[in-house]
Amino acid sequence: MPTVLLIDSLVRSLQVGSLYALMALGLTLTLAVVKLPNFAHAELITLGAYVALVASFWGLNNLLAMLVLCFIVTAAVAVLSYKAVYKPLERRKPSIYTMILASFALGLILRYVLFLLVDRFDFFDKRIKIPLEIWYQSKTMILTNIFFWVVPTSLILIILLSLLLNYTNLGREMRALADNRALARVQGVQVERVYYFTWILAGGLAGVAGALWGIYTSINPLTGWLAILSVFAATVLGGMTSFVGTILGAYVVGLSENFVMQLLNHYLGLDFSFKPAIPFIIIILVLLFRPQGLTGFMDGFRTRAIRRQTNP
Amino acid sequence: MSLLTLEHVTKSFGNLRAVHDVSLEIPKGKIIGLIGPNGSGKSTLLNVISALNPADSGRILFEGEEISKRSTDEIFGLGLVRSFQDPSLFFKMTVLDNSLLPVKQQQGEKPWRAPFHHLWRKQEAAAALESSRLLEQLLIRKHYDALASDLSGGQMKLLELGRSLMGNPKLLLLDEPTAGVAPKLAYTIFENIAQMRENLGLTFLIVEHRLEILFDFVDSLYVMHMGQVLTEGSPAEISANSAVREIYFGE
Amino acid sequence: MNLLTIDKLTAGYGKLTILHDLSLKVEKGQYLGILGPNGSGKSTLVKSIFGLTDIFSGSIKISGQELVGVATENICKRGLAYVPQRQNIFATMTVRDNLLLAVRHLRRPKAHRALQDAYALFPILAERQQQSAGLMSGGERQMLAIALAWLGKPQIMLLDEPSAGLSPLFVIEIFKLLRRLCESGITLVVVEQNARSLLRWCDYAYVLREGKLAFEGSSSQILADEETVKSYLGVGGTAFSQRIAE
Amino acid sequence: MTIDFLSTGIALLTFFGISALMALSLNLEYGVAGIPNFGKALFVSVGAYTAALTYTYLLPLLAGKTPIYPCGANLTDALQLRTGIIREAMGIGLLNFLLTLVIAAVIGGLIGYLASYPALRLKEEWYLALVLLVGSEIVRILVRGYEPIICAHNGISGLSQPFVALGNPKLASFLFALVILALVALVFIFSERLIHSPYGRLLKAMRENERVAQSLGKRITRTRAQIMVIGSAIAAVSGVLFVVNLGFASANDYVVALTLDVWVMVVIGGIGNNRGALLGAFIITVLDRVTAIAAIQLDQIGFQLEFTYIRFILFGLIILLMLRYRPQGLLPEKPLTTEAHSLLKTQAQK
């Protein structure tokens with residue numbers, strides 16, 4: 001296989017994996033803390049991308065400012081959707097399918113409102129206006145400023161989120177809620193408040209991820225919807241509730257969709273049109289044969305490490 | 001003759017040995033009590049027998065036949081029926097439907113026969129009559145058309161007992177048949193159990209915390225503690241046993 | 001002085017009424033036992049105080065303030081702490097994170113000091129700091145659960161069967177620890193099935209039967225009184241109670 | 001600005017009938033048996049692909065001609081062969097159509113049986129929903145990339161309904177609508193009888209508490225498989241009708257949106273109530289048609305607003321409002337009744 005293709009697919013895996021990680025972390029947060037498989041997460045991603053796009057067309061070309069704006073808008077929409085849709089439904093103690101259906105419905109509404117607007121203002125398949133600069137070039141690889149935005153920004157956000165979850169009170173409260181809701185309440189964790197923060201984080205991260213997605217590829221109102229099942233695949237690989245597992249899962253999905261796909265294409269002649277099936281196959285295999293995802297492995301490592309520490 | 005025999009049955013959940021090396025015998029036609037403090041493994045033992053949580057090791061014999069490898073529904077088919085501690089009725093179904101569900105070999109339960117009334121009509125009618133008689137005896141006949149969730153706590157327990165009987169059992173494993181029931185009704189439930197033993201020759205294994213009632217009705221008792229059988233004997237022997245007093249009162 | 005007053009409490013789950021018109025009071029500084037056979041409503045009582053059951057009527061007051069209707073998550077602010085019987089720790093978090101969660105309201109230096117105090121009181125937890133709490137043994141988990149409650153600096157701690165499933169040695173250790181907590185000024189309400197071992201440590205006890213108060217008295221009174229022992233087991237005038245009394 | 005009311009009416013009935021079959025099948029699976037089939041589009045598409053295959057291979061054989069591989073260079077030849085036979089020989093067209101229905105039902109049932117396997121392994125129920133959803137997408141992507149079934153992303157056309165041989169389009173579509181409605185009536189009666197029987201009792205018990213049903217001697221795995229077979233067979237039949245009505249099979253018709261449409265019908269109508277499923281199908285079809293016609297009409301007067309978008313927004317709002325204010329649906333579920341109930345009733349009256 002030509003080195004160019006190899007390296008290119010690896011770079012893309014890294015890029016896509018980082019963005020999937022951002023998206024999937026939000027999804028895992030709502031799943032673990034609020035116990036809701038939020039399919040409307042897809043539209044938060046799209047929304048973020050469009051906020052960035054519109055901002056760039058209006059002349060905002062500071063990327064950082066753009067990302068902050070996206071974060072704020074999508075976080076607001078996420079909080080609003082919780083307040084207006086999910087919270088009133090939850091009072092009736094509905095079945096999980098009711099909640100899934102509601103998230104589908106909300107996603108549908110958001111998606112087609114976007115469609116309406118995008119159609120009206122002619123924003124189909126546009127890219128965010130960021131001047132392209134080549135920062136590194138060799139025979140086999142071209143790295144642009146976009147690569148240096150997408151991957152490091154995602155990594156920084158992932159690290160920030162991990163710090164938040166592991167070293168702040170809010171993070172501990174979130175994990176406590178995810179672990180044992182009744183005990184968390186007994187310990188005085190204000191469930192509503194933590195929920196709002198969870199939605200802010202999940203929504204904001206989705207928005208930022210969408211915006212980053214939109215600077216290296218063109219976007220349309222289906223962007224998030226087309227990505228959401230890959231994002232679910234990352235979450236499923238993470239065992240649905242583990243944050244570290246989700247990050248790993250995201251990179252695994254990114255690699256399989258790009259690098260592994262490239263290999264399959266090159267050596268087995270598999271057509272690229274089958275690419276979207278890869279995350280789906282991951283979801284099915286993991287859920288059927290290893291529903292705890294990658295987490296089991298990691299717990300195993302940790303336990304062994306701790307045993308070694310405690311019983312030398 | 002022993003109807004149900006357990007030999008060295010063990011069941012663990014992770015590190016927790018919920019049931020450890022339990023052997024016991026339930027003779028035919030007897031009412032046997034199973035007592036012990038919370039968490040001593042009584043409910044787990046019932047789950048093991050009914051294969052909801054199959055045993056890790058040991059043998060379970062029912063009428064001399066090994067059933068440890070059988071599935072839950074097959075065990076029911078052999079005539080070994082269990083009830084649950086929490087009311088486990090189908091709350092969104094009527095009392096009558098709850099009682100009719102366990103009837104065995106229902107022709108109308110096959111999807112290719114179900115759409116044709118005449119294929120199962122007679123059987124259904126016969127089952128309905130039997131159910132009607134049983135519900136009458138249990139004093140809930142008049143609620144036949146009510147949803148199970150609309151019954152009172154005591155009536156739920158009665159319906160559960162009735163439902164177990166509709167499966168034509170030989171041995172009933174009852175998990176706290178009087179939990180959450182007023183004392184007077186609890187006594188009624190046990191009187192019904194005794195009557196069924198007399199009239200139908202049924203055998204009972206009963207987990208119960210209301211010792212004052214239980215002791216008046218059982219033939220003998222097994223005492224469980226920390227997953228093991230501590231001792232067995234008649235009510236008189238059990239109440240005289242110092243080890244039993246210890247686990248119940250503290251030493 | 002009464003710290004906690006429960007007045008004519010009727011409570012249960014959904015349609016099931018478990019406590020009937022129950023009244024009792026807890027005095028400040030007391031080490032109180034709630035005894036009774038399985039299914040007598042002991043656990044339901046402590047859960048009701050923490051708003052985890054359906055309360056049909058009656059009142060629960062702490063220092064004169066009503067608790068019925070207060071959301072579970074706001075009850076610890078009133079100076080109460082609760083150690084449930086099962087699932088009483090955050091199993092997927094490390095021991096340290098469990099403890100840090102409990103002291104999250106404190107400023108950093110104070111929180112640090114509180115943690116050191118906890119490690120002094122529960123030395124085993126210091127050793128296990130970085131371990132995932134779910135991987136600890138039953139006794140260690142119980143220690144952590146008590147530490148979680150204790151770190152909230154409560155006036156009154158309610159414990160649901162702290163000795164359940166523990167080895168005899170650990171049971172003694174837990175009761176000793178509770179005694180020390182009580183001496184440090186915390187009022188304790190301990191629900192136990194294992195009556196005699198608790199009665200050795202507590203000052204006063206209520207005995208429940210079928211959701212009602214069957215008997216109350218100081219521990220020595222209860223231990224001395226055969227009638228109470230009978231009523232504790234829930235054996236009324238049947239053959240069994242006569243035999244047991246012999 | 002004229003609307004042909006007759007054609008519109010017939011089209012409405014046709015669409016209603018097809019949707020009603022889908023809704024009835026989901027109602028059996030989810031409404032009655034509690035299986036969250038978020039892969040409805042897959043089972044519908046099975047019927048469509050079966051039809052594509054029978055029109056390519058079975059139809060020429062029945063007419064005594066040699067089948068032609070339908071894609072690539074042979075595309076026009078194969079198309080002419082299909083349409084030629086259907087135009088000229090109505091008998092053969094009808095026979096092929098009926099056989100297609102039967103074959104689709106069998107294949108659909110088979111795939112339903114296979115799909116019930118994950119249900120056994122998945123402990124948390126919403127995982128099953130996710131697996132079925134994702135499974136339907138996988139099949140769509142595979143079919144779209146694999147030529148021999150429907151010529152990959154090109155799709156297959158000329159899958160006309162058998163009555164076009166009559167030469168009168170209106171009459172043909174009317175007759176076709178009648179056939180569909182007859183099938184709906186058949187399936188409706190079948191599932192009503194299924195619900196009001198000991199089998200219905202078993203399904204509802206399984207929906208409520210599998211563990212207890214199992215300990216009362218019920219073989220849950222088998223029952224789940226049975227109801228998936230029945231539901232999927234009905235869905236596959238609806239798929240045949242869908243594709244034959246459209247005349248064109250394309251993998252992109254069987255997306256998650258189709259699954260969602262069927263869920264909306266069941267949720268609106270009333271989960272667990274067959275009449276509700278019919279009502280839901282009717283409401284959604286009317287809404288769908290009305291918005292479609294309105295879109296065309298408004299477009300003619302130069303009012304440009306994409307009505308397909310409005311349609312989806314409307315559907316989303318309907319779901320949310322129903323879930324919030326009337327979760328039991330317009331026609332709530334009723335308790336089942338069998339001989340036993342009437343018997344005890346007459347007993348009580350005496």
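So you know, we letter chains A, B, ... as the sequences are listed, proteins then strands, and number each from 1.
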(message) Please give me the minimum heavy-atom distance between Pro111(B) and Leu194(D), naming the atom from each residue.
(response) O-CD1, 3.7 Å

(request) Could you look at Leu78(B) and say if it's the side chain, the backbone, both or neither that has a heavy atom under 4.5 Å from chain D? (result) neither

(request) Identify the residues of residues 58-66 of chain B whose heavy atoms come closer than 4.5 Å to a heavy atom of chain D, ordered by number, or report 'none'. (result) none

(request) Look at Leu80(B), Val81(B), Leu100(B) and state which one has the largest set of heavy-atom pairs under 4.5 Å with chain D. (result) Leu100(B)

(message) I need the minimum non-hydrogen distance between Leu101(B) and Leu202(D), along with the two atoms involved.
(response) CD1-CA, 3.9 Å

(request) Specify which of Ala128(B), Gly167(B), Gly108(B) makes the most heavy-atom pairs with chain D at under 4.5 Å. (result) Gly108(B)

(message) Ile32(B): which residues meet the side chain to side chain contact (heavy atoms under 4.5 Å, CB included) condition with it, sequence neighbours left out?
(response) Ile26(B), Pro27(B), Lys30(B), Leu205(B), Ser220(B), Tyr222(B)

(message) Please check if the number of heavy atoms outside Phe190(B) that lie under 6.0 Å from its CZ is greater than 12.
(response) yes

(request) Quick one: list whatever passes side chain to side chain contact (heavy atoms under 4.5 Å, CB included) with Ser2(B), sequence neighbours left out. (result) Thr5(B), Glu25(B)

(request) Pick one of side chain, backbone, both or neither for Leu343(D), based on which atoms fall under 4.5 Å of a heavy atom in chain B. (result) side chain

(request) Over all heavy atoms of both residues, which pair between Pro115(B) and Phe190(D) is shortest? Give the atoms and the distance, please. (result) CG-CE1, 3.6 Å

Can you check whether chain D and chain B share any donor-acceptor pairs under 3.5 Å, and give the atom names and distances if they do?
from, atom 1, to, atom 2, distance (Å)
Phe91(B), N, Glu208(D), OE2, 2.3
Lys92(B), N, Glu208(D), OE1, 3.0
Lys92(B), N, Glu208(D), OE2, 3.1
Asp97(B), OD1, His341(D), NE2, 3.3
Asp97(B), OD2, His341(D), NE2, 3.3
Leu101(B), O, Lys218(D), NZ, 2.7
Gln106(B), OE1, Arg201(D), NH2, 2.9
Gly108(B), O, Tyr199(D), N, 2.9
Glu109(B), OE1, Lys218(D), NZ, 3.2
Glu109(B), OE2, Lys218(D), NZ, 2.9
Pro115(B), O, Arg193(D), NH1, 2.7
Arg121(B), NE, Glu339(D), OE1, 3.3
Glu124(B), OE1, Arg201(D), NH2, 3.2
Glu124(B), OE2, Arg201(D), NH1, 2.9
Glu124(B), OE2, Thr338(D), OG1, 2.6
Ser132(B), OG, Gln347(D), OE1, 2.8
Arg141(B), NH2, Leu344(D), O, 3.3
Arg141(B), NH2, Gln347(D), OE1, 2.7

(request) Sort Leu203(D) into side chain, backbone, both or neither according to what part of it lies under 4.5 angstrom from a heavy atom of chain B. (result) neither

